[in-house]
Amino acid sequence: MNPNTRQVPYGVADFELIRRDNLYYVDKTMYLPMLEAEARNIFFTRPRRFGKSLLINMLHAYYDCNKKDKFEQLFGDLWIGKHPTSLQGKYLVLYLDFSQVGGSIDQVEEKFNAYCGTQLNGFVRDYERLYPEGFVQKIDGLADASAKLNEIANESKRRELPLYLIIDEYDNFTNTILNEQGEAVYHAITHADGFYRDTFKRFKGNFERIFMTGVSPVTLDDVTSGFNIGWNITMKSEFNDILGFTTDDVRTMFNYYKEQGELPADLDVEEVINDMKPWYDGYCFSEKSLKSKNRVFNCDMVLYYLRNYMSYGCAPKQMIDPNTKTDYSKMNKLLRFDKLDGNRKGIIKSIAETEQVITSLEESFPARALTNPDTFTSLLFYYGMLTIKGTHGMQLVLGIPNNNVRKQYYGYLLEEYQQMSRVSLNDLIDKFTNMAFDGDWRTALSSMAQAYANISSVRDGIEAERNLQGFFMAYFSLNDYYYTAPELELNHGYCDFFLLPDLTHYPTQHSYIIELKMLHKGDSEELAQKQWDEAVSQINRYAAAPRVEALRQGTELHKIIMQFEGFQLKRMEEIVNK
């Protein structure tokens, strides 16, 4: 790499390091005046991997009076460098990252107190020159974090020193407690005289400005009766793009690295964007932002893709960053997928099958509401598992944002199916390979049909056609050779599945339109034949759609009909035009 080329800031949340060491930075400083125009105490949530920590690190660098002399170095060529506000370099900034608080449940209060105490000790050292002689030693000598905070706040007021509090992941360890220990323990720390609630009470009135960020609004609801001055900007349209990357951001970034010679000279940046969009784009966090049709990319995923292209000259075969598996594991625990009741399981399945849910979005809710199915859809939104797709009267249409998230839903369904009747996934993937490169579709689809029969035989009521489609979609999600498009509109109809070849990553030779049909047990042969004839007419009409030629991209197209009677495969054939 050219030493003058900016490094890719993958996994880096230190704003000063990014600016000092010449890493690439997507400018978000134009939002600073807008944040200042809001209330002085702000709550803001976004899903993981969207750049929250980098944002508040930038806020810290901008408002910290200790960094006032570094303004030109850190911000000179950014938007705010040319439009500084009167608050730049004005504050003494206390930074707290509650993801650093760990330990067993009987140690949480002790660990929380120790962490806050350490940060407060560091705070007075950072600003020692502004406090009276011996103040650092005085604060060090206090054992309790609350006592330290009170002393710092009182002395700051006497000296007219404005304080700014920044909290990252304010909900981290409380959500972990909620998941691992249950509501009773969580309630004890966030209600009445609980230490966490008490801490937030002490924040009120001691800081001129407060900015808090996290993922879930659960803790927000439970502590705000003790801290009732916060302003939630999560769903304000002005801040829809404050985190993540816009399409213009992505285009500018890839063109920069292309110009620097770090990407192939013949790279079509627009094609790269179109390759990433189905996987990383699609997030909308405000109803008012629907009109602009501007959606937000998950920034970490874009950087993962960029690094791969710079290293190997091609897109990653695995479009989902393996490093996010831990994040999704944590999210699954917090959503308590392993403890879902029937109603919430039904919501997950319905979303996986229909790609959306019509609901009202709760801006905050208490822990006790987590088991409420209406609240559950809101929780999926805050964790990035759903995004705003449209409106339906007074309600919102929340949908799956992209293939990355879609795979998480199908992974959940797949896990449930595998618990009922285990299928060798490696063997099935081998069959998918033969399906993609050799045109051997019968072996793979027969295996899936048999697996469906095995699962259905131990579970009542699975015969509905929608459940059949959900089952096939879950197992098709393992097939990286294709973009699996359910209910794709073709010639004024909707085919059950179109397996679109992913030629960017694999030289796939075959593509498929698959139509599923279901008979009830005991239906007559006459009815079965009539249904089959209608299916043949349907699939031929789908295949004749003008857009199919572009969708199959030169691969050999197969039209497959699978007809089930109950949960048993009755007939499966490829329809060949004579």
Side-chain angles (χ1 to χ4, degrees), residues 1 6-14 17-18 23-26 46-55 57 99 168-169 172 215 243-247 249-251 253-254 256-257 262-263 267 269 271-283 285 295-335 337 380 382-387 400-412 414-415 425 429 477-484 502 504-506:
M1 175 180 284
R6 296 170 185 167
Q7 296 177 20
V8 178
Y10 178 81
V12 181
D14 187 328
L17 185 151
I18 286 175
L23 276 67
Y24 193 96
Y25 178 68
V26 175
R46 277 294 184 270
R48 296 187 185 279
R49 301 275 179 170
F50 267 82
K52 295 188 297 297
S53 295
L54 179 56
L55 172 69
N57 210 269
S99 70
D168 194 11
E169 300 206 40
N172 180 277
V215 176
L243 293 183
F245 295 156
T246 65
T247 300
D249 290 334
V250 176
R251 182 179 292 112
M253 183 188 303
F254 274 77
Y256 168 79
Y257 284 104
E262 301 299 333
L263 293 172
L267 178 71
V269 173
E271 282 189 10
V272 165
I273 291 173
N274 289 334
D275 187 35
M276 286 189 287
K277 268 184 177 293
W279 289 91
Y280 311 146
D281 194 19
Y283 294 94
F285 300 103
R295 300 297 176 260
V296 181
F297 282 82
N298 179 308
C299 49
D300 272 26
M301 291 292 181
V302 171
L303 296 178
Y304 158 74
Y305 185 103
L306 173 61
R307 285 181 69 207
N308 194 286
Y309 225 116
M310 289 172 63
S311 297
Y312 306 109
C314 63
K317 282 192 174 183
Q318 189 174 348
M319 290 293 284
I320 301 176
D321 184 354
N323 290 330
T324 63
K325 289 183 179 179
T326 301
D327 288 334
Y328 282 112
S329 177
K330 289 180 180 178
M331 182 191 65
N332 289 348
K333 284 185 177 180
L334 292 173
L335 291 171
F337 276 173
L380 291 171
Y382 287 109
Y383 277 93
M385 294 286 285
L386 291 173
T387 197
I400 298 175
N402 50 48
N403 290 338
N404 184 5
V405 176
R406 190 171 286 110
K407 274 188 172 285
Q408 309 311 313
Y409 279 99
Y410 292 128
Y412 167 75
L414 196 61
E415 184 176 329
L425 300 185
I429 291 172
S477 70
L478 297 170
N479 192 342
D480 289 341
Y481 303 118
Y482 298 100
Y483 297 119
T484 304
D502 180 10
T504 302
H505 303 93
Y506 301 97

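Both backbone and side-chain heavy atoms feed into the values below; hydrogens, waters and symmetry mates do not.
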For this session: Go through the steps for L55 and F50 under the test side chain to side chain contact (heavy atoms under 4.5 Å, CB included), then give the verdict.
Result: CA-CA 10 Å; L55 172 69; F50 267 82; over 6 Å; no
For this session: Under the side chain to side chain contact (heavy atoms under 4.5 Å, CB included) rule, what do D300 and D321 come out as? Steps first, then yes or no, please.
Result: CA-CA 8 Å; D300 272 26; D321 184 354; 5.5 Å; no
For this session: Take I320 and M301 through the test side chain to side chain contact (heavy atoms under 4.5 Å, CB included) and record every step on the way to the result.
Result: CA-CA 7 Å; I320 301 176; M301 291 292 181; 4.1 Å; yes
For this session: With side chain to side chain contact (heavy atoms under 4.5 Å, CB included) as the test, would you mind laying out the steps for L303 and M253 before giving the verdict?
Result: CA-CA 10 Å; L303 296 178; M253 183 188 303; 3.9 Å; yes
Which atom pairs, donor and acceptor, lie under 3.5 Å between side-chain atoms of residues 310-317 and protein residues at least two apart or in another chain?
from: S311; atom 1: OG; to: R307; atom 2: O; distance (Å): 3.0

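Across every non-hydrogen atom of G51 and C299, the tightest pair is N-SG, 3.9 Å. Shortest non-hydrogen contact noted between V296 and L243 is CG1-O, 3.3 Å. Heavy atoms only, all atoms of each residue included: Y24 and I18 are closest at O-CG2, 4.0 Å. Nearest heavy-atom pair across M319 and Y280 is O-OH, 2.6 Å. Counting all heavy atoms, side chain and backbone alike, D168 lies closest to S53 at OD2-OG, 2.6 Å.
Rounded to the nearest 0.5 Å, atoms CG (L380) and CG (L386) are 5.0 Å apart. In this structure, CZ on R46 lies 12.5 Å from CG on N298, to the nearest 0.5 angstrom. Note that CD of E262 and CZ of R6 are 13.0 Å apart. Values are rounded to the nearest 0.5 Å. Between Y304 atom OH and W279 atom CH2 the span is 10.0 Å, to the nearest 0.5 Å.
Applying the side-chain contact (heavy atoms from CB on, under 4.5 Å) rule to D249 yields the partners V26, K28, F245, T246; only residues at least two apart in sequence or on another chain are considered. Residues passing the side-chain contact (heavy atoms from CB on, under 4.5 Å) test with R406 are E355, I400, N403, Y410, sequence neighbours excluded. Qualifying side-chain contact (heavy atoms from CB on, under 4.5 Å) partners for N402, counting only residues two or more places apart in sequence or in other chains: Y283, N404, V405. The side-chain hydrogen bond (donor to acceptor under 3.5 Å, both in side chains) check on D502 picks up Y483, H505, with sequence neighbours excluded.
Separation of the Y305 and F297 ring centroids does not fall under the 6.0 Å cut-off. Aromatic pair Y309/F254: ring centres not closer than 6.0 Å.
Among residue pairs with one or both ends in residues 271-281, those qualifying as salt bridge (charged side-chain N to carboxylate O under 4.0 Å, His left out) are K277-D281; sequence neighbours excluded.
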